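Since the structure comes first, as structure tokens, the remarks are kept for the end.
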Amino acid sequence: SAPRAEKICCLGAGYVGGPTMCVIAKNCPDCKVTVADLFADKIAQWQDPDHLPIFEPGLSDLVRATLGKNLFFTTDLESAIREADIIFVAVGTPTKTVGIGSGHAANLCFLESAARLIARVATTPKIIVEKSTVPVRNAETLMRIFTTNPDSARLFQVVNNPEFLAEGTAVNDLLHPDRVLIGGQTTPAGHEAVRRLADVYAHWVPRERIITTNLWSSECSKLVANAFLAQRISSINSISELCEATGADVDEVARAIGMDSRIGAKFLKSSVGFGGSCFQKDILNLVYLSQSLGLTEVADYWEQVITINQHQKARFTERIVHSMFHTITGKKIAVLGFAFKKDTGDTRETPALDVVYKMLDEGANLAIYDPKVPDELMWEDLRHGPSLSPPARPMPLEERISHVTDVYQAVEGAHAIVVCTEWDEFKTLDYERIFGSMVKPAFIFDGRNILDHQRLFQIGFEVHSLGRRP
Ligand code: UGA
């Protein structure tokens with residue numbers, strides 16, 4: 001039979017909700033898709049394909065193709081909820097910064113408000129989709145909130161449908177997902193709700209890639225997927241230190257082990273540390289959950305992934321200081337890249353911030369260049385400092401840091417270049433020219449191992465790579 005023409009709404013017009021709804025709208029012309037958010041300026045931005053609030057390749061074309069046809073953006077949450085058959089909840093669940101579980105637990109206040117709003121205004125049957133990343137058994141909370149309104153309780157089914165897209169490839173990941181995961185209650189009504197959501201995805205995702213589980217497996221799998229990905233990075237980063245101490249080469253080791261199909265080659269690139277809005281948050285969430293269940297060994301095991309990540313950022317910076325004759329006080333250092341990874345202007349949990357802060361502590365003067373990070377965002381991050389080690393005292397930031405838009409200006413008169421993000425353009429800079437404009441010895445610390453170290457060495461640079469002896 002023809003798939004149902006579902007009315008879909010999404011609460012939260014952020015990184016997950018926005019692109020996901022665009023892709024649904026594009027592939028399900030029979031469905032009406034409404035994205036609702038409290039922030040009027042964000043909604044206004046989504047309505048202008050040339051100035052979307054987030055940058056993702058292919059996204060503006062998708063918005064252009066669907067906006068006003070079957071894709072709508074609104075600040076009227078209540079009408080959007082009333083009208084919808086399927087309600088995605090894609091509000092933020094950031095790590096708590098104060099109170100119980102501070103620094104670990106997810107802040108669920110936005111999720112609870114969304115649930116209470118749905119319970120208050122909805123009068124017809126709804127499928128509520130937990131899209132935000134949540135602690136395991138969170139759906140139980142939602143269901144309890146819904147039972148506060150007895151009229152609506154029996155009308156609601158909660159399903160979990162985690163998002164696996166990565167930034168910079170969001171549209172492609174949504175169009176061609178490795179898998180779509182839908183968890184639901186193991187009751188006839190639960191199965192029916194899961195089937196209806198699966199039917200939406202089946203418009204463009206092959207059926208065999210849509211997998212269904214119980215609610216708790218689905219919630220759990222999201223946290224575990226990110227924990228495993230981050231764990232691979234911390235694993236290879238821990239080995240980078242071993243390599244530096246022994247003469248092994250971490251990229252050679254990664255290649256050698258990655259060819260074992262049981263290990264696999266992806267996500268084995270040693271770096272100055274992982275960043276991004278999710279890995280750290282989700283692992284901290286997993287650790288907190290394990291601790292609160294009394295699973296001490298499990299919690300300690302996963303906490304170690306964060307510990308190694310913190311250590312990697314710290315030891316990278318220590319190596320800079322030690323190599324530069326044990327002092328960088330008063331020296332100009334060019335920081336290349338501030339985003340948490342290439343091809344995005346996003347800086348959330350960027351390892352660059354930790355490196356910058358440690359170098360400030362050592363008295364360096366910094367010129368930061370990034371092709372995509374907006375000026376205001378960079379200064380805002382700098383004012384806050386790294387989330388797990390915020391500054392103990394205010395830093396005279398403006399005196400010590402300049403944000404430059406020309407990479408050659410950043411390196412002019414610098415003692416060292418520190419690569420923090422793996423931007424492709426850093427590979428093709430005119431390094432002869434750069435060498436000529438720097439103080440000697442001219443150091444390069446490649447925190448992503450992306451440059452041609454042999455060539456740089458021939459030009460005259462003192463090159464330090466990760467996981468390789470100088
Ligand atoms: C990550 C996951 O890859 C997505 O599947 C998930 O949906 C998303 O989190 C989320 O939960 O929202 P994302 O944070 O956008 O996506 O970026 P990644 O490409 O995973 O990179 C994360 C960090 O790890 C970056 O700082 C990156 O530079 C670093 N990384 C990645 C390495 O240091 N080495 C690698 O081999 C791979």
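Indexing begins at 1, ligand by ligand and atom by atom, following the structure's order. Remember, it's a predicted structure, so these values are computed and weren't measured experimentally.
Side-chain contact, S240 with Q312: a donor N or O sits under 3.5 Å from an acceptor N or O. Side-chain contact check for Y357 and E362: no donor-acceptor pair (N or O, by modelled atom type) lies under 3.5 Å.
Taking 4.0 Å as the cut-off between side-chain N and carboxylate O, D370 and K342 do not count as a salt-bridged pair. Using a 4.0 Å cut-off between charged side-chain N and carboxylate O, K131 and E163 make a salt bridge.
Numbered from 1 in the order shown, with element, the atoms of ligand 1 that lie under 4.0 Å from a heavy atom of C278 read 9 (O), 10 (C), 11 (O), 12 (O). Set against the non-hydrogen atoms of E167, the atoms of ligand 1 under 4.0 Å away are 15 (O). Atom numbering of ligand 1 starts at 1 in the shown order; those under 4.0 Å from a heavy atom of S271 are 32 (C), 33 (O).
The nearest non-hydrogen atom to atom 23 (C) of ligand 1, considering only G276, A265, G275, comes from G275.
The ring of F72 has its center no closer than 6.0 angstrom to the ring center of W46.
From the protein, the heavy atom lying nearest to atom 32 (C) of ligand 1 is I233 CD1, 3.6 Å. Atom 34 (N) of ligand 1 has its closest protein heavy atom at K269 O, 2.9 Å. The single protein non-hydrogen atom nearest to atom 1 (C) of ligand 1 is F279 CE2, 3.4 Å, given as residue, atom name and distance. Counting protein heavy atoms only, atom 19 (O) of ligand 1 is closest to K341 NZ, 2.9 Å. Closest to atom 7 (O) of ligand 1 among all protein heavy atoms lies L165 O, 2.7 Å.
By the criterion of a heavy-atom distance under 4.0 Å, neither the backbone nor the side chain of Y15 is placed next to ligand 1.
Under a 4.0 angstrom heavy-atom cut-off, R448 registers as being in contact with ligand 1.
In terms of N/O distances under 3.5 Å, ligand 1 is approached by F340.
Under the 30°/60° scheme for interplanar angles, the aromatic rings of Y431 and F461 are found to stand perpendicular.
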